[in-house]
Undergrad: 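Quick one: the structure is below, questions incoming.
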Number of protein chains: 2
Amino acid sequence: MDDLAGLLGLDGNGEVPSGRIIQIYEVACRQFAQRGFDGVSMRDIAAECGISKATLYHYFPDKDSILRPLAMGATKSIYLHVARHDDATLPAVDRLRRFIVETATFFEAFRWAWIAGSTAFWSDPEARARKERVAWRDRYEQLLRDILQAGIDSGELKIGDVKIAGRLVLGTINWMPRWYNPAGPLKAPEIAGQFCNLLLDGLRAAPPAKAVRQRKKAVE
Amino acid sequence: MDDLAGLLGLDGNGEVPSGRIIQIYEVACRQFAQRGFDGVSMRDIAAECGISKATLYHYFPDKDSILRPLAMGATKSIYLHVARHDDATLPAVDRLRRFIVETATFFEAFRWAWIAGSTAFWSDPEARARKERVAWRDRYEQLLRDILQAGIDSGELKIGDVKIAGRLVLGTINWMPRWYNPAGPLKAPEIAGQFCNLLLDGLRAAPPAKAVRQRKKAVE
DNA sequence: GGCAACCAACCGATCGGTCGGTATGGATGA
DNA sequence: TCATCCATACCGACCGATCGGTTGGTTGCC
């Protein structure tokens, strides 16, 4: 189960979230992820929850306020999760591995919320919420770039452009939800670990110097 | 300009495509990419084209038949494009570079169609069209895996799992449309070239043997 | 005359959202 | 003890707006 309550921050404070509210979040989250925000009607959500549409509006003022906490929670929690597991005293290579693997761990736990948030990013009409979400996303991406820069400074990594390298890493991670099969033989963190190995050491077999020359000629 | 006519296969046959049809494709394509298929109404498209909604239905029988050729064309053409530029007699490393760079070249030319197709993949109600599109997508991904396998066989590449490595490469490419800025200093093929360098040689600075030992200890 | 291009007006369906009302169960006060 | 009260949880029926799509035309050019 997803433990969406944790992602939404509903379990920490004094409020006791109704089980119905959690159910609505879970149902809506999966439907948004699978068919998109516009592709899901309030009637759809109500039907799968086994309640009437009017009851849905007893718990939520409008459709946006179902998606918003999910999208915000996913974006904010992913940063808090990787930041909690980061340790700036470790070698940058290990920090990078943790960043990648912990992102996958998080994504596996909150797959639907992640997808729903990333596909419906553009539709929130409330500017403040949109801005806050972008800020958390920026923190997440900045942490990765900080790790890469630390690796350059320590001599562990050899990177021309930190921004480009960051895009490379983020692309591999962010594309995972599109094809990842939870029922497959490899769990997300294992795949992420292999990604990290490939990213660090490259696809190329260690070439003798003359092979490099030959390659350069062939490109021309 | 996009030259959507080429992507749609409208210029090769005897038919003379009306300029209006091209205009509708261009407008719809960009709107679908920016706001999603469900987020765009036929009224929106008609308004930006400067025609009435009824006239839209003079050229297209329904909404799906505007998106379908765009999505199909993007998926089919990307494969044909990279396959045309592939040369199985070249070293696998060069073939891989061409695959990545030519994908970026194509994506830069048909950015909106690419995005519209990849986001609206799931909504086509016509099973035959969906199946055909998946088939072209599979050919595209299989070509990449073939190149990787050729590199393993020739000793150029050192890859444990071709599927995983393929996902890695595809992720970096497919995520590009999400952040790529056409007005930025680097064009898509240049970025793709840098991606290829990083993918081939890795982020890690060539480590002395003892540094590798140290790293392994730190992971534990 | 015939046909491509175009449009205002309209259709049934569905959208997000509202309204008035009901069943229930626990606290309150005489 | 029992009537009252109130908040919570729920629902059927409805609203105006908008959706994809249709109809019955009117132009203007060959």
Side-chain angles (χ1 to χ4, degrees), chain A residues 5 10 13-71 116 119-120 122-126 129, chain B residues 5 10 13-32 34-71 116 119-120 122-126 129-130:
Chain A
L10 294 177
N13 50 19
E15 286 198 34
V16 181
S18 155
R20 187 66 87 185
I21 291 182
I22 301 292
Q23 181 202 19
I24 292 170
Y25 272 126
E26 284 174 352
V27 167
C29 183
R30 204 189 57 260
Q31 292 200 10
F32 287 154
Q34 290 174 329
R35 304 204 305 278
F37 184 73
D38 289 329
V40 175
S41 74
M42 294 296 265
R43 287 165 177 83
D44 294 333
I45 299 170
E48 190 176 328
C49 290
I51 60 177
S52 75
K53 186 164 64 78
T55 301
L56 214 49
Y57 281 93
H58 174 69
Y59 293 101
F60 294 89
D62 52 39
K63 194 182 177 185
D64 281 315
S65 60
I66 304 180
L67 173 64
R68 191 173 302 130
L70 289 168
T119 57
W122 330 95
S123 66
D124 195 321
E126 196 180 311
Chain B
L10 294 176
N13 49 21
E15 285 198 36
V16 182
S18 154
R20 188 64 90 186
I21 290 183
I22 301 292
Q23 181 200 18
I24 293 170
Y25 273 126
E26 284 174 353
V27 166
C29 183
R30 204 189 56 260
Q31 291 201 10
F32 288 155
Q34 290 173 330
R35 305 203 306 277
F37 185 73
D38 289 329
V40 175
S41 75
M42 294 296 266
R43 286 165 178 84
D44 293 333
I45 299 169
E48 190 176 329
C49 290
I51 58 177
S52 75
K53 186 163 65 77
T55 302
L56 214 50
Y57 281 94
H58 173 70
Y59 293 101
F60 294 89
D62 51 40
K63 194 182 178 186
D64 281 316
S65 60
I66 304 179
L67 173 64
R68 192 173 303 130
L70 290 168
T119 57
W122 331 95
S123 65
D124 195 321
E126 195 181 311
R130 222 172 35 229

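In the text below, chain A, chain B and the rest are named by the order of the sequence lines, each starting its count at 1.
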Undergrad: Could you pull out the closest heavy-atom pair between B:Val27 and B:Ile45, with the gap in Å?
TA: CG1-O, 4.0 Å

Undergrad: B:Met42 versus B:Ile66: any side-chain heavy-atom pair under 4.5 Å?
TA: yes

Undergrad: Which pairs with one or both residues in residues 41-53 of chain A pass salt bridge (charged side-chain N to carboxylate O under 4.0 Å, His left out), sequence neighbours excluded?
TA: A:Arg30-A:Glu48, A:Arg35-A:Asp44

Undergrad: Search all heavy atoms of A:Phe37 against all heavy atoms of A:Lys63 and return the closest pair with its distance.
TA: O-NZ, 2.9 Å

Undergrad: Contact between B:Ile51 and B:Arg20 at the side-chain level, heavy atoms closer than 4.5 Å - yes or no?
TA: yes

Undergrad: Just verifying a value: how many Å separate B:Ile24 CD1 and B:His58 NE2, rounded to the nearest 0.5 Å?
TA: 9.5 Å

Undergrad: How would you give the extent of chain B contacts on DNA chain D, as first and last nucleotide 5' to 3' within a 4.0 Å heavy-atom cut-off?
TA: D:dC19 to D:dT23

Undergrad: Quick check: closest heavy atoms across B:Leu56 and B:Ala46, and the distance to 0.1 Å?
TA: CD2-N, 3.9 Å

Undergrad: For B:Phe60, what residues pass the ring-ring contact (aromatic ring centres under 6.0 Å, His included) criterion, not counting sequence neighbours?
TA: B:Tyr25

Undergrad: Got a sec, which residues hit side chain to side chain contact (heavy atoms under 4.5 Å, CB included) with A:Ala33, two or more places apart in sequence or on another chain?
TA: A:Trp112, A:Ile115, A:Ala116

Undergrad: Considering heavy-atom distances to DNA chain C, does A:Tyr57 or B:Tyr59 have its closest nucleotide positioned more toward the 5' end?
TA: B:Tyr59

Undergrad: Under 3.5 Å between N/O atoms: give me all the protein pairs with nucleotides 7-11 of chain C, atom names plus distance.
TA:
from: C:dC7; atom 1: OP2; to: B:Ser52; atom 2: N; distance (Å): 2.6
from: C:dC7; atom 1: OP2; to: B:Ser52; atom 2: OG; distance (Å): 3.4
from: C:dC7; atom 1: OP2; to: B:Thr55; atom 2: OG1; distance (Å): 3.0

Undergrad: Return the OH to OG distance between A:Tyr59 and A:Ser65, rounded to the nearest 0.5 Å.
TA: 14.0 Å

Undergrad: To 10°, what angle do the rotation axes through the five end pairs on each side of the helix from C:dG1-D:dC30 to C:dA30-D:dT1 form?
TA: 20°

Undergrad: Examine C:dC6: is either OP1 or OP2 under 4.0 Å from a nitrogen or oxygen in the side chain of B:His58? Give yes or no.
TA: no

